[in-house]
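Sequence positions, counted from 1, serve as the residue numbers for this chain.
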Amino acid sequence: MKKPFTPQLVYFEPDALDYPLGQALKEKFEDMGVEIRYTTSHNQVRNLPGDNDLQKYRIAKSTLVVGIRKTLKFDTSKPSAEYAIPFATGCMGHCHYCYLQTTMGSKPYIRTYVNVDEILQAADHYMAERAPEITRFEASCTSDIVGIDHLTHTLKRAIEHFGQRELGQLRFVTKFHHVDHLLDAKHNGKTRFRFSVNADYVIKNFEPGTSPLDKRIEAAGKVARAGYPLGFIVAPIYLHEGWEQGYYHMFERLDAELPQDARQDITFEFIQHRFTKPAKRVIEKNYPMTKLELDETVRRYKWGKYGIGKYIYQKEEEQDIKEHLYGYMQKFFPHAKLEYFT
């Protein structure tokens with residue numbers, strides 16, 4: 001994904017046009033010549049073009065629904081934050097292993113919400129409730145918000161909103177490098193800008209429709225120079241031939257790009273590859289040619305909440321991953337903080 005995302009098809013929910021952002025997006029898409037349709041609700045977005053399930057899935061991934069976020073009750077978002085702040089759902093990326101495969105299920109289209117002020121007011125209430133504690137909000141639990149922000153600028157508004165709050169912090173993660181419009185945002189150090197990074201093998205084979213590693217790293221350098229606190233999620237850590245060198249090389253490239261003065265406050269999150277039985281079914285349906293290893297017999301089973309367990313690497317493989325990646329982090333970024341390994 002070298003160019004920023006442009007939807008092939010845009011739906012507007014009725015009330016979306018009552019908001020300035022809804023009107024602005026309608027004008028923008030009309031000027032771009034994008035096909036616009038109207039729907040009573042995103043749940044009515046059916047009969048997308050395409051001759052079979054695969055085509056329909058791909059078209060859905062390039063469909064944007066502009067609507068209202070009706071529920072302003074935020075989900076919790078441990079371990080990375082207290083709450084998930086909902087600006088969008090869905091993603092234009094085609095990562096084979098993505099957990100959104102199962103949570104989005106039959107609705108893989110992207111939704112963006114135009115009642116941004118109401119969402120930010122709800123965040124202010126959560127902050128007031130927890131005062132004097134700091135409250136962290138995660139903006140990328142259900143989407144890659146940077147992937148659409150060049151169209152909506154919702155994230156930029158949120159960054160500046162939290163920049164003026166004593167007791168709130170914003171965080172999000174992205175696989176896209178389209179960050180230029182965010183560099184001049186008045187963030188006041190209250191937003192942690194995180195990038196999802198991985199070995200080249202994983203990005204090339206399992207992350208189509210996202211920015212290549214060198215572009216993400218270049219963007220991370222820009223973000224660091226704009227004074228944002230920086231973070232990296234290495235996920236999913238995936239065992240493949242030459243994985244030790246692959247991840248070492250990734251850290252080496254980060255080291256070459258990031259300015260020294262940004263290194264006192266960098267966080268890492270390490271997440272090993274895992275899958276559930278329902279996810280495996282959806283992945284094999286949506287990406288029938290995938291090379292992703294989804295063999296339950298070579299994994300160990302770990303009970304999960306809600307009764308759906310995950311298949312993760314064996315104990316000794318997990319230990320191997322942990323030692324290698326932690327060692328690389330210590331070598332190249334001795335002041336960085338590992339937030340968790342899971």
Q: Check whether the ring centres of Tyr328 and Tyr247 lie less than 6.0 Å apart, and answer yes or no.
A: no
Q: Check salt bridge (Lys or Arg N to Asp or Glu O under 4.0 Å) between Asp180 and all other residues, then give those that pass, not counting sequence neighbours.
A: Lys222
Q: Identify the residue among Ile148, Thr191, Leu170 that makes a side-chain contact (heavy atoms from CB on, under 4.5 Å) with Leu155.
A: Leu170
Q: Pick out which of Val146, Val223, Leu213 makes a side-chain contact (heavy atoms from CB on, under 4.5 Å) with Phe195.
A: Val223
Q: Are Leu294 and Tyr311 connected in a single hydrophobic cluster, I mean Ile/Leu/Val/Met/Phe/Trp/Tyr linked by side-chain heavy atoms less than 4.5 Å apart?
A: yes
Q: Are Leu64 and Phe29 close enough that some pair of their side-chain heavy atoms sits under 4.5 Å apart?
A: yes
Q: Given the ring of Tyr313, does Arg299 sit roughly above its face, with NZ or CZ under 6.0 Å from the centre of the six-membered ring and within 45° of the axis?
A: yes
Q: Can you tell me how far the CD1 atom of Ile159 sits from the NE2 atom of His153, to the nearest 0.5 Å?
A: 10.5 Å
Q: Can you hop from Leu254 to Phe341 via hydrophobic side chains spaced under 4.5 Å?
A: yes
Q: Is the Tyr201 ring parallel, tilted or perpendicular to the Tyr238 ring (thresholds 30°, 60°)?
A: parallel
Q: Where do Glu339 and Arg171 land on the salt bridge (charged side-chain N to carboxylate O under 4.0 Å, His left out) test, with the steps shown first?
A: CA-CA 13 Å; Glu339 295 207 316; Arg171 40 195 288 123; 3.1 Å; yes
Q: Which pair of non-hydrogen atoms, one from Phe162 and one from Gly168, has the smallest distance, and what is that distance?
A: CD2-C, 4.0 Å
Q: Are Tyr38 and Tyr11, when compared by the centres of their aromatic rings, separated by less than 6.0 Å?
A: no
Q: Can you measure from NZ (Lys28) to CD (Gln23) and round to the nearest 0.5 angstrom?
A: 14.0 Å
Q: Determine, using the 4.5 Å side-chain heavy-atom cutoff (strictly less than), whether Ile312 and Phe275 are members of one ILVMFWY cluster.
A: no
Q: Donor-acceptor pair, Ser62 side chain versus Ile59 backbone, under 3.5 Å?
A: yes
Q: For residues 65-77, dump all side-chain donor-acceptor pairs below 3.5 Å to protein atoms at least two apart in sequence or in another chain.
A:
unit_1: Arg69; atom_1: NE; unit_2: Thr71; atom_2: O; d: 3.0
unit_1: Thr71; atom_1: OG1; unit_2: Lys73; atom_2: N; d: 3.3

Q: Looking at every non-hydrogen atom in both residues, tell me the closest pair between Ala336 and Met329 and how far apart they are.
A: O-CE, 3.9 Å
Q: Atom OG1 in Thr210, atom NE2 in His94: separation rounded to 0.5 Å?
A: 10.5 Å
Q: Is the shortest side-chain heavy-atom distance between Pro7 and Met92 below 4.5 Å?
A: no
Q: Does atom CD of Glu241 have more than 12 heavy-atom neighbours, drawn from other residues, nucleotides or ligands, at distances under 6.0 Å?
A: no
Q: As a quick check of understanding, evaluate side-chain contact (heavy atoms from CB on, under 4.5 Å) for Thr342 and Arg274, giving each step before the final call.
A: CA-CA 10 Å; Thr342 175; Arg274 74 273 313 278; 3.4 Å; yes
Q: Find the distance between NE2 (His249) and CG (Asp200) and round it off to the nearest 0.5 Å.
A: 6.0 Å
Q: Can you hop from Val298 to Ile321 via hydrophobic side chains spaced under 4.5 Å?
A: no
Q: For Glu207, is there an ion pair with Arg216 - N to carboxylate O distance below 4.0 angstrom?
A: yes
Q: Kindly give the heavy-atom pair with the smallest separation between Cys95 and Lys175, and that separation in Å.
A: SG-NZ, 3.3 Å
Q: Between Met250 and Val234, does the side-chain contact (heavy atoms from CB on, under 4.5 Å) criterion hold? Intermediate values first, please.
A: CA-CA 10 Å; Met250 181 199 83; Val234 187; 3.9 Å; yes
Q: Are Asp124 and His161 linked by a side-chain donor-acceptor pair shorter than 3.5 Å?
A: yes
Q: For residues Tyr19 and Tyr113, is any side-chain donor paired with an opposing acceptor at under 3.5 Å?
A: no
Q: What closest approach, in Å, do Phe5 and Lys61 show between heavy atoms, and which atom pair accounts for it?
A: CE1-O, 4.1 Å
Q: Are Glu138 and Arg194 within salt-bridge range, i.e. N to O under 4.0 Å?
A: yes
Q: Under the criterion ring pair (Phe, Tyr, Trp, His ring centres under 6.0 Å), which of Tyr248, Phe251, Trp243 is the partner of His324?
A: Trp243
Q: For the pair Asn188 (side chain) and Lys190 (backbone), establish whether a donor and an acceptor sit closer than 3.5 Å, ignoring hydrogens and angles.
A: no
Q: Considering all heavy atoms of both residues, which atom of Ala235 and which atom of Tyr97 are nearest to each other, and what is their separation?
A: O-OH, 4.1 Å
Q: side-chain contact (heavy atoms from CB on, under 4.5 Å) for Phe87 and Leu120? Distances and angles first, verdict last.
A: CA-CA 10 Å; Phe87 295 124; Leu120 292 172; 3.9 Å; yes
Q: Find out if a path of hydrophobic residues (ILVMFWY) with successive side-chain heavy-atom gaps under 4.5 Å connects Leu292 to Val202.
A: yes
Q: His150 and His181: aromatic ring centres closer than 6.0 Å?
A: no
Q: For Asp255, is there an ion pair with Arg263 - N to carboxylate O distance below 4.0 angstrom?
A: yes
Q: Step by step, would you call Glu218 with His177 a side-chain contact (heavy atoms from CB on, under 4.5 Å)?
A: CA-CA 8 Å; Glu218 190 185 310; His177 70 281; over 6 Å; no
Q: Does any non-hydrogen side-chain atom of Arg281 lie less than 4.5 Å from one of Lys285?
A: no
Q: Between Arg130 (side chain only) and Ile134 (backbone N and O only), is there a donor and an acceptor less than 3.5 Å apart?
A: yes
Q: Determine whether a donor-acceptor pair (N or O, by modelled atom type, separation under 3.5 Å) exists between the side chain of His187 and the backbone of Ala226.
A: yes
Q: When rounded to the nearest 0.5 angstrom, what is the spacing between CZ in Arg192 and CZ in Arg136?
A: 10.0 Å
Q: Any non-hydrogen side-chain atom of Thr135 less than 4.5 Å from a side-chain atom of Leu167?
A: no
Q: Should the pair Glu318-Lys322 be classified as a salt bridge under the 4.0 Å nitrogen-to-oxygen rule?
A: no
Q: Taking transitive links into account, so neighbours of neighbours count too, which hydrophobic residues share a cluster with Val173 at under 4.5 Å side-chain distance?
A: Ile233, Ile271, Tyr340
Q: Are Lys291 and His96 close enough that some pair of their side-chain heavy atoms sits under 4.5 Å apart?
A: no
Q: Mind checking whether Ile145 and Thr174 have side chains closer than 4.5 Å, heavy atoms only?
A: no
Q: For a quick test of reading the model, state the closest non-hydrogen atom pair linking Ile266 to Phe333 and the distance between them.
A: CD1-CD2, 4.2 Å
Q: Answer yes or no: is there an ion pair linking Lys331 with Glu252, defined by an N-O contact shorter than 4.0 Å?
A: no
Q: Rounded to the nearest 0.5 Å, what's the gap from NE2 on His273 to CG on Leu239? Could you check?
A: 10.5 Å
Q: For the pair Tyr83 and Tyr126, name the ring-plane relationship: parallel under 30°, tilted 30 to 60°, perpendicular over 60°.
A: tilted
Q: Can you list the steps and then say if Glu160 with Lys156 is a salt bridge (charged side-chain N to carboxylate O under 4.0 Å, His left out)?
A: CA-CA 6 Å; Glu160 298 200 325; Lys156 188 167 193 178; 5.5 Å; no
